Structures are given as C-alpha cells and as structure tokens.
Enquirer: 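Pasting in a structure now, in structure tokens, and then I'll have a few things to ask.
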Amino acid sequence: MFKQDLDIFNILLSAVSEGIIIVDEKQIIVDANQSAETMFGYDKKELLNKPLNILIPSNLHKVHASHFKSFMSDNNTRKTRMERVVFGVRKDGSDFRVELVLNGFTIYNKKYVLALVKDVTDIEIIEQENAHFAKIFHESLNEIFVCDAKTLKFLNVNYGAQKNLGYTLDELKLMTPLDIKPSYTEKDFRISMELLNKENIKKLEFECAQIRKDGTIYPVEVHLQRSNIGNKDVIVAIVLDITERKNYTENLEQTVSQRTEELKIALRAEKEHNELKTKFLTLVSHEFKTPLSGILTSTMLLSKYKLTKEQEKRDKHIETITILVNSLNNILNDFLSVDKIETGNIQYTSRTFKLSKLVKDVVYNAGVLLKEGQEINYPKNIDEVSLYLDENILELILSNLVNNAVKYSSENATIDIDITQNNKEIIFSITDNGIGIPKKDQKHIFNRYYRAENVKSTQGTGIGLNIVKNHLDYLGGSISFKSEENVGSTFTVSIPNINQK
Ligand code: ADP
C-alpha cells in the first residue's frame with residue numbers, strides 16, 4: 001500500500017509542469033521533479049543532498065537564509081507562502097526570474113518545505129512588452145483612440161489626443177467620436193464600421209475635420225481598424241493632425257497656379273511679341289518698297305531728260321527723290337529709335353536752344369509732305385522762348401505729330417500748332433481736321449505697330465506715336481489726344497519747363 005502511494009506520488013511529481021523541490025529544515029534538497037531538473041539544468045542526482053543555495057544566486061543567499069529561517073520558525077509549518085519574482089540560478093550560472101510557492105509540512109517529526117517553482121521569464125518579457133506598448137500608446141504624438149464598437153464611447157484615448165483636443169481622459173470617456181467630428185453623423189460612422197466588418201477590408205482611411213474643446217477645427221487623416229479587448233469589440237483609430245501638410249499642399253497648389261499664370265502671361269507676351277515682329281517686318285518691307293520704286297521711277301525718268309530746257313522736269317524728279325529718301329530716312333530712324341528705347345540705349349543731351357527755330361524746321365520739313373492746298377499755322381510770337389532740353393528729341397516728337405496731322409488730313413486742310421507755357425510746363429497742341437481716329441481704336445493708338453482701321457490705305461508703320469510716348473515718359477512729360485472720326489484730332493504734349501536753367 002505504501003509503495004503504491006509512493007508510485008502515485010512520483011507520477012504526480014513528474015507530471016507537474018512547475019518545478020518541485022523539497023528541502024529539509026537544513027535546506028538540503030531531498031527531492032526534485034523532472035521539471036525542476038530541466039528548469040535548473042541539473043540531473044536529479046546532482047541535486048539530491050545538495051544545499052538549496054546551489055539554485056539561488058550567491059548575492060541572494062543571505063536574504064534567502066533569513067526568509068527561510070522566518071518561514072521555519074513559525075510553528076505552523078502547514079502553511080503556504082507565495083513569493084513573486086525571485087531569482088534562481090541555473091547550473092550554467094545564468095539566472096532567471098521565478099515565482100515561488102512554499103509549502104511547509106512535517107513527516108515523521110521532520111519538517112520539510114516543498115517549493116513549487118515557476119519560470120516567469122516569458123511572462124516578464126510579455127509584461128515588459130505590454131508596458132512598452134502602453135508607453136508608446138500614451139506618448140505617441142499621433143492621436144490614438146479606442147472606442148467601444150457597440151456604444152461608440154471612448155474606452156481609452158492617448159495623451160497626444162487629449163493634448164490636441166484639450167479634453168481630459170475622464171471627459172473623453174463620456175464622449176464618442178461623433179462629438180469631435182462635426183461633419184460626421186452616427187450613420188456615417190456605422191457605415192464605416194460595416195465596411196470594416198467585411199473580410200477583405202482591414203483598415204479604413206479618410207480625411208475629415210476634428211473640433212477641439214475650444215471650438216477650433218483642424219484637418220485630420222483617420223486610420224480606422226477593428227480590434228478586440230477580451231471579448232469586447234473595439235474600434236481603434238489612429239488620427240494624424242494634417243494641418244501643416246494641408247497648409248503645405250495649399251501653398252504648393254497656390255504657387256503652382258501662380259507660376260502657371262505667370263507662365264501663361266509670359267507665353268502670351270512672347271506670342272504677341274512674335275506677332276508684332278512679323279507685323280513690323282511686313283510693314284517695314286512694305287514701307288520701303290513704295291518709296292524705293294518711286295525713287296527708281298524718278299531716276300529712270302531723270303536719265304531721259306537730257307536737254308537743258310528740261311531742267312524743270314529734272315528738278316521735279318530730284319525733289320521727289322529727296323522726299324522719298326527723307327521718308328525712308330524717317331522710317332529707318334523710327335526703327336532705330338525703337339531698338340534704342342528697347343535696349344535702354346538712349347542718351348539724352350540737354351542744351352538751351354530757341355524754340356522758334358525748332359518749330360520752323362519742323363514745319364519746313366513737313367512741307368514736302370503737304371498735299372494740295374494744305375497749310376500749317378504756327379505761333380510767330382515765340383522768338384523769345386528758349387528751352388533747356390534734348391533738341392533732337394523734341395524735334396522728333398513734334399515732327400511725328402505734325403507729319404501725322406498732314407498725312408491724315410485731306411487737301412486744303414489746315415493744321416494748327418499752338419504753344420503755351422507756364423512756370424511748370426510747356427504745352428504743344430497740334431490740331432487737324434482730318435480723318436480722325438475711330439473710337440474703338442483710340443485706346444490702342446500708343447501701342448507699337450498699332451494702326452487704326454481707317455488708315456489702312458495710307459502708308460505708315462504704327463511706330464511713331466509709341467516712340468513719342470516712350471520719349472515723353474523718359475522726359476517726365478505726357479501726351480494725350482482728342483479725336484473724332486471724320487472731324488479731326490488734337491494731340492497735346494506737355495513737357496516740364498526747365499528753360500530757366
Ligand atoms: P503711322 O506710321 O501709322 O502714322 P503712328 O504711330 O504715328 O504710326 O500713329 C499710329 C496710328 O494713330 C496711325 O496709324 C493712325 O491710325 C493714328 N493717328 C495718329 N495721328 C493721327 C491723326 N492726326 N489723325 C488720325 N489718325 C491718327
């Protein structure tokens with residue numbers, strides 16, 4: 001019977017997964033099961049009759065001795081004591097965490113202690129990992145929410161979320177995601193959760209707005225996932241505040257559209273520039289062709305008038321050639337002026353000169369253009385007026401306006417030049433009663449190469465007024481006009497009066 005009991009006891013001993021070590025009151029090991037052997041790395045015979053200390057790290061021997069003494073000193077030896085997490089040492093010297101349950105008992109008047117030993121290294125690692133994950137959860141700068149899938153109430157919310165939203169955890173625990181997502185209804189949320197129930201949808205991502213306790217709203221990117229705590233279904237949401245990303249994207253979009261607009265404008269300008277160039281070349285070649293063929297005709301005819309009495313006819317042709325060469329010269333000058341203005345290559349040279357001489361020259365030069373019966377009136381009482389300016393530029397300005405007045409007026413028309421001055425400025429106005437400028441062309445008239453619709457049969461380049469305006473801008477002056485189609489035009493130029501110099 002006794003032998004049978006012992007066998008049963010031995011079977012039990014070896015079947016238990018915990019290590020069992022029995023020591024007598026002097027802490028000598030009297031028995032150990034298979035699990036204890038494996039756990040400590042000893043054979044049973046290496047353990048038997050050895051002091052328990054071989055299984056305890058040497059630095060803990062003292063503490064252990066006093067624990068053991070107090071355990072044994074208690075008369076009631078049939079008792080249990082549990083000691084969580086103490087250290088054991090293996091045969092190879094490595095130590096490890098164990099959980100101990102001590103049971104005292106007495107057989108044949110001898111006291112023994114049975115120690116139930118559990119290796120808790122794995123448990124400890126898991127606990128450490130859990131603590132680490134909890135730390136990550138709380139310290140994450142992203143917002144992390146866990147809410148009950150049924151009631152939607154928040155179960156846990158990390159510190160990052162509490163901080164950004166301005167709510168405490170206690171406050172949040174009474175709330176649901178709907179309280180912080182103003183544009184989201186419960187129905188929307190339930191639909192999202194239904195989607196998450198589908199097998200192939202593991203995670204949902206969407207952008208929406210969140211509202212803080214102080215009422216401010218910010219954009220977020222939400223990552224939703226289903227999970228469970230025990231048997232409770234939960235939803236885990238990781239929420240990223242994307243205010244900066246949004247700002248960055250918005251700025252980027254703004255810059256891109258701004259640059260695109262600038263590019264469009266530049267392309268348009270480039271296109272206009274090319275069109276103008278083509279137009280200009282066509283105009284110039286046309287402008288050159290007519291006078292050149294005129295010159296050619298006149299020289300051809302000149303060679304035919306050989307007789308002395310034909311001098312008058314020769315003179316007529318020489319005059320025609322002179323006019324045409326002058327006209328070519330003017331076109332060329334205009335063309336060169338455009339280039340100079342464009343490259344900023346103009347040097348103004350001011351000096352004092354008599355206005356009357358300049359006006360006379362302008363009128364005289366225009367004379368060759370006059371049609372039958374045309375007349376230019378100009379003030380004769382300006383002998384005393386001296387100006388301090390670039391004389392050539394003023395002559396160019398006035399010539400352009402007077403020549404235009406002549407060109408765009410019919411036979412027998414009169415052109416009036418008026419000059420007034422005060423302390424501040426000197427004002428020239430050139431009036432004709434010619435063809436005038438159509439209303440719709442008026443705002444473009446100073447644009448380079450622009451010519452009104454009603455002058456297409458008259459030669460011209462559309463450069464003159466543009467040059468005049470550019471020069472006046474440089475000189476601090478201005479030009480304006482009043483014109484009515486078929487009635488006439490008045491061009492008025494004002495230049496700062498610095499003749500006192
Ligand atoms: P253009 O060589 O064509 O005369 P301008 O630059 O001098 O070039 O003048 C531009 C346009 O302004 C002319 O083509 C014409 O349509 C208009 N214009 C200028 N002066 C007058 C004027 N006195 N009467 C009518 N139209 C004018």
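In listed order, ligands and their atoms are each counted from 1. Since the structure is predicted, the reported quantities are computational estimates derived from the model, not experimental observations.
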Enquirer: Could you pull out the closest heavy-atom pair between Leu465 and Phe446, with the gap in Å?
Expert: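 Closest pair (atom of Leu465, atom of Phe446, distance): O-CD2, 3.8 Å.
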Enquirer: Might you point out which heavy atoms bring Thr216 and Asp214 nearest each other, and give the distance in Å?
Expert: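 What the structure gives for the nearest pair is OG1-OD1, 2.6 Å.
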Enquirer: Measure the distance from atom 13 (C) of ligand 1 to every protein heavy atom, then report the residue, atom name and distance (to 0.1 Å) of the closest one.
Expert: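 That would be Tyr408 OH, 3.6 Å.
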Enquirer: Is the contact between Ile463 and ligand 1 made by the side chain, the backbone, both, or neither, using heavy atoms and a 4.0 Å cut-off?
Expert: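 The answer is the backbone of Ile463.
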Enquirer: For atom 23 (N) of ligand 1, what's the nearest protein heavy atom and its distance?
Expert: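 It is Asp432 OD2, 3.0 Å.
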Enquirer: May I ask you to decide whether Glu485 forms a salt bridge with Lys439, counting only side-chain N to carboxylate O separations under 4.0 Å?
Expert: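 Looking at Lys439 together with Glu485, the answer is no, because their closest N to O distance does not fall below 4.0 Å.
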Enquirer: Using a plain distance cutoff, I'd like to know if Ala452 has any nitrogen or oxygen under 3.5 Å from a nitrogen or oxygen of ligand 1.
Expert: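 For ligand 1, there is an N or O atom that lies under 3.5 Å from one belonging to Ala452.
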Enquirer: Would one find an N or O of Asn400, backbone or side chain, under 3.5 Å from an N or O of ligand 1?
Expert: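 In this structure, Asn400 places no N or O atom under 3.5 Å from an N or O of ligand 1.
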Enquirer: Using a 3.5 Å cut-off on N or O atoms only, is Ile435 in polar contact with ligand 1?
Expert: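 No; every N/O pair is 3.5 Å or more apart.
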Enquirer: Tyr450 heavy atoms, cut-off 4.0 Å: which ligand 1 atoms fall inside?
Expert: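 So the atoms of ligand 1 that pass are 10 (C), 11 (C).
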Enquirer: Hey, is ligand 1 close enough to Thr461 that some N/O pair sits below 3.5 Å?
Expert: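 N/O-N/O distance under 3.5 Å: yes.
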Enquirer: What residues, two or more places apart in sequence or in another chain, satisfy side chain to side chain donor-acceptor pair (under 3.5 Å) together with Ser303?
Expert: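 For Ser303, no residue satisfies side chain to side chain donor-acceptor pair (under 3.5 Å) once neighbours in sequence are set aside.
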Enquirer: Is there a polar contact, in the sense of an N or O pair closer than 3.5 Å, between Gln459 and ligand 1?
Expert: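 The answer is no, given that Gln459 and ligand 1 share no N or O pair closer than 3.5 Å.
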Enquirer: If every non-hydrogen atom of Gln347 is compared with every non-hydrogen atom of Asp390, which pair is closest and at what distance?
Expert: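 The pair with the smallest heavy-atom distance is O-OD2, 3.9 Å.
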Enquirer: I need the nearest protein heavy-atom contact for atom 26 (N) of ligand 1: residue, atom name and distance, please.
Expert: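 Atom 26 (N) of ligand 1 sits closest to the protein heavy atom Ile437 CG1, 3.3 Å.
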Enquirer: Would Lys246 pass as a cation-pi partner of Tyr248, given that its NZ or CZ must be under 6.0 Å from the six-membered ring centre and within 45 degrees of the axis?
Expert: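 No - Lys246 does not lie over the ring of Tyr248 by the 6.0 Å and 45° rule.
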Enquirer: Please work out whether the ring planes of Tyr348 and His471 are parallel, tilted or perpendicular, with thresholds of 30° and 60°.
Expert: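 Tyr348 vs His471 ring planes: perpendicular.
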Enquirer: Is any side-chain N of the basic residue among Lys232 and Asp148 closer than 4.0 Å to the acidic one's carboxylate O?
Expert: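 Yes, this pair counts.
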Enquirer: Geometry only, no angles: is Phe491 polar-contacting ligand 1 at N/O separations under 3.5 Å?
Expert: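 No.
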Enquirer: Just wondering, more than 12 heavy atoms not from Lys380 lying within 6.0 Å of its NZ?
Expert: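 Yes, because the 6.0 Å sphere around NZ of Lys380 holds more than 12 heavy atoms from other groups.
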Enquirer: Consider every N or O of Val455 and every N or O of ligand 1, then say whether any pair is closer than 3.5 Å.
Expert: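 No: no nitrogen or oxygen of Val455 is under 3.5 Å from one in ligand 1.
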Enquirer: Going by heavy-atom distance to atom 8 (O) of ligand 1, choose the closest among Gly460, Gly462, Ser489.
Expert: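 Nearest option to atom 8 (O) of ligand 1, by heavy atoms: Gly462.
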Enquirer: Report yes or no: does a heavy atom of Gly436 sit under 4.0 Å from some atom of ligand 1?
Expert: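 Right, Gly436 reaches ligand 1.
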Enquirer: Between Ser483 and Ile437 (side chain of the first, backbone of the second, donor and acceptor by atom type, cut-off under 3.5 Å), is there such a pair?
Expert: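 Yes; judged by distance alone, with no hydrogens or angles, the pair exists.
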Enquirer: Are Arg190 and Glu186 ion-paired here, with the side-chain N under 4.0 Å from a carboxylate O?
Expert: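 Yes, charged N to carboxylate O under 4.0 Å.
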Enquirer: In this structure, does ligand 1 have an atom that sits under 4.0 Å from one of the heavy atoms of Lys407?
Expert: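 Yes, Lys407 has heavy atoms under 4.0 Å from ligand 1.
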Enquirer: Is the distance between the ring centroids of Tyr184 and Phe206 under 6.0 Å?
Expert: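 Here the rings of Tyr184 and Phe206 have centres that are less than 6.0 Å from each other.
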Enquirer: Enumerate the atoms of ligand 1 whose separation from the nearest heavy atom of Leu465 is less than 4.0 angstrom.
Expert: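 That gives atoms 5 (P), 6 (O), 7 (O), 9 (O), 10 (C), 12 (O), 19 (C) of ligand 1.
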Enquirer: Quick check: does Asn466 get an N/O under 3.5 Å from an N/O on ligand 1?
Expert: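 Among all N and O atoms of Asn466, none is under 3.5 Å from an N or O of ligand 1.
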Enquirer: Measure the distance from atom 3 (O) of ligand 1 to every protein heavy atom, then report the residue, atom name and distance (to 0.1 Å) of the closest one.
Expert: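 Of the protein heavy atoms, Arg451 NE, 2.5 Å lies nearest.
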Enquirer: I'd like the name of whichever of Asn404, Leu401, Val402, Ile445 reaches closest to atom 17 (C) of ligand 1 through any heavy atom.
Expert: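 Looking at heavy atoms only, the winner is Ile445.
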